[in-house]
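Have a look at the structure below before the remarks.
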Amino acid sequence: MADFGKLVLSVLAFPALLLASSQALAIETPAACGKFDFNKNGLGCEIRVEGGCEADCTSLRFTAGCEGGCTASASTSCTDNCGVSCIAECDPSKLDCIQGCHDECEQPFIADCQSKYPDRDCVTDAKASCTSRCRSQCEVQPSNCIEHCDTCCMGACTANINMDCDLTCYAKLEGGCRVQCREPTGALFCNDQYVFASDVKGCITALIEQGLQVDVSAQAQGECTITLGGADCSGSGEASGLGCSASPGQTESPFAVTGIALGLAAMGISVARRRNRKNG
């Protein structure tokens with residue numbers, strides 16, 4: 001039984017090893033996928049469609065797609081004014097660069113946004129822009145209040161001066177996202193970030209050629225039945241030529257390997273039971 005236990009554990013661990021190896025891929029962004037950096041923003045990709053998809057078309061999903069597009073530098077007056085108040089309130093025993101940056105960033109952004117763009121969801125826009133700037137600025141954790149405030153204020157002021165540019169980018173991606181959600185192809189998201197692809201199907205095909213697995217099961221109007229032979233899907237998913245899920249050289253479900261592993265485990269359990277009955 002000890003040997004069998006090891007066998008079951010190794011079989012069940014196999015899909016996890018495959019997933020880990022897929023996450024180590026170095027992906028070159030295909031032209032059809034826009035400027036999305038798949039290596040920096042994760043490799044967990046899936047298609048989303050219809051209502052739930054449109055609900056995800058918000059600025060918080062666009063930070064990766066807009067990253068690097070708005071590059072205006074923060075003004076000295078903004079960082080100086082912010083730094084004075086930040087240092088006065090700083091507690092050196094509780095330095096949190098990301099939170100401190102958000103504290104300095106969001107309220108000024110919301111106030112400016114609401115005065116210039118009253119129809120936008122400025123609270124969400126502020127979180128999106130500040131998340132992107134603060135994450136970039138706080139890659140190295142500051143060790144004292146001066147470094148902390150310099151870093152936090154730089155992130156906050158950079159977000160503020162790039163507000164118009166960021167909101168223009170968010171609006172552009174929102175429009176594309178909503179359109180793709182209503183189409184049979186659906187919209188592509190990777191690690192919860194929207195991929196502004198000019199050709200969704202072409203983007204997925206090019207990613208598959210590089211070894212990246214993409215879950216396209218949401219394209220099927222019906223349900224996908226997972227079997228040892230793969231996935232049986234009905235509806236537009238099959239019509240699109242991508243099937244239920246797509247991976248290099250196949251259109252089987254990413255769960256097919258898991259199904260095989262579980263099947264082998266079940267066979268092992270059955271053999272072990274027969275042996276126990278004979279020994280008893």
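Just so it is clear, the structure is predicted and the values come from calculations on it, not from any experiment.
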### Message
Apply disulfide bond (SG atoms under 2.5 Å apart) to residues Cys82 and Cys153 and explain how you reach the verdict.
### Response
CA-CA 6 Å; Cys82 168; Cys153 289; 2.0 Å; yes
Grab the two heavy atoms, one from [X] and one from [Y], that are nearest each other, plus how far apart they are.
X: Gly65; Y: Leu173; answer: CA-CD2, 4.0 Å
X: Gly186; Y: Ile47; answer: CA-CG2, 4.1 Å
X: Cys33; Y: Val195; answer: O-CG1, 3.6 Å
X: Leu167; Y: Cys113; answer: CD1-SG, 4.0 Å

### Message
I need the full list of ring pair (Phe, Tyr, Trp, His ring centres under 6.0 Å) pairs touching residues 60-106, with sequence neighbours left out, sorted by first then second residue.
### Response
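Every ring pair (Phe, Tyr, Trp, His ring centres under 6.0 Å) pair that includes a residue of residues 60-106, provided the two are not neighbours, is Phe62-Tyr194.
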### Task
Sequence neighbours left out, what passes ring-ring contact (aromatic ring centres under 6.0 Å, His included) with Phe196? Give chain and number order.
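Expected list: none.
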Side-chain ([X]) to main-chain ([Y]) donor-acceptor, under 3.5 angstrom:
X: Asn160; Y: Ala156; result: no
X: Glu46; Y: Asp192; result: no
X: Ser129; Y: Ala126; result: no
X: Thr205; Y: Lys201; result: yes
X: Thr29; Y: Phe36; result: yes
X: Asp199; Y: Ala32; result: no
X: Gln193; Y: Thr63; result: yes

### Message
Using a strict threshold of under 4.0 Å (side-chain N to carboxylate O), is an ion pair present between Asp215 and Arg48?
### Response
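So Arg48 does not pair with Asp215 through a salt bridge.
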### Query
With sequence neighbours excluded, what pairs up with Cys152 under the disulfide (SG to SG under 2.5 Å) test?
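So Cys152 forms no disulfide (SG to SG under 2.5 Å) with any residue.
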### Message
Using the rule given for side chain to side chain contact (heavy atoms under 4.5 Å, CB included), can you reason through Cys45 versus Phe189, listing the C-alpha separation, both sets of side-chain angles and the distance that settles it, and then say yes or no?
### Response
CA-CA 6 Å; Cys45 299; Phe189 288 79; over 6 Å; no
### Task
Could you go through the side chain to side chain contact (heavy atoms under 4.5 Å, CB included) check for Ile204 and Val200 one step at a time?
CA-CA 6 Å; Ile204 294 174; Val200 176; 4.0 Å; yes
Does [X] reach the side chain of [Y], with side-chain heavy atoms less than 4.5 Å apart?
X: Met163; Y: Cys70; result: no
X: Gln114; Y: Ile110; result: yes
X: Ile161; Y: Ser73; result: no

### Query
Looking just at side-chain N and O atoms, do Thr158 and Gln137 make a donor-acceptor pair shorter than 3.5 Å?
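Their side chains do not contain a donor-acceptor pair, so the 3.5 Å distance test is not met.
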### Any pair counted as side-chain hydrogen bond (donor to acceptor under 3.5 Å, both in side chains), so long as it reaches residues 86-95, sequence neighbours left out
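Those involving residues 86-95 are Asp91-Ser93.
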### Task
Can you run down the salt bridge (Lys or Arg N to Asp or Glu O under 4.0 Å) pairs that involve residues 172-190, sequence neighbours left out, and say none if there aren't any?
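Matches after skipping sequence neighbours: Glu54-Arg178, Glu54-Arg182, Glu174-Arg178.
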### Message
Listing request: all salt bridge (Lys or Arg N to Asp or Glu O under 4.0 Å) pairs with a residue in residues 110-134, at least two apart in sequence or in separate chains.
### Response
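Listed by first then second residue: Lys116-Asp164, Arg120-Asp125, Arg133-Asp166.
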From [X] atom [atom1] to [Y] atom [atom2], the distance as rounded to the nearest 0.5 Å:
X: Glu147; Y: Gln141; atom1: CD; atom2: CD; value: 10.0 Å
X: Asp37; Y: Glu28; atom1: CG; atom2: CD; value: 11.5 Å
X: Leu207; Y: Phe38; atom1: CG; atom2: CZ; value: 4.5 Å
X: Cys66; Y: Lys35; atom1: SG; atom2: NZ; value: 10.5 Å
X: Thr185; Y: Gln219; atom1: OG1; atom2: CD; value: 6.5 Å
X: Leu188; Y: Cys190; atom1: CG; atom2: SG; value: 4.5 Å

I'd like to know if the two cysteines, [Y] and [X], have SG atoms within less than 2.5 Å.
X: Cys101; Y: Cys134; result: yes
X: Cys90; Y: Cys149; result: no
X: Cys57; Y: Cys181; result: no
X: Cys78; Y: Cys157; result: yes
X: Cys177; Y: Cys53; result: no

### Query
Can you get from Leu60 to Tyr170 by hopping between Ile, Leu, Val, Met, Phe, Trp and Tyr side chains that sit under 4.5 Å apart?
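Each belongs to a different hydrophobic cluster.
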### Within 6.0 Å of CD1 in Ile87, more than 12 heavy atoms from elsewhere
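Yes, the 6.0 Å shell around CD1 holds more than 12 heavy atoms from other groups.
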### Message
Apply disulfide bond (SG atoms under 2.5 Å apart) to residues Cys105 and Cys130 and explain how you reach the verdict.
### Response
CA-CA 6 Å; Cys105 182; Cys130 293; 1.9 Å; yes
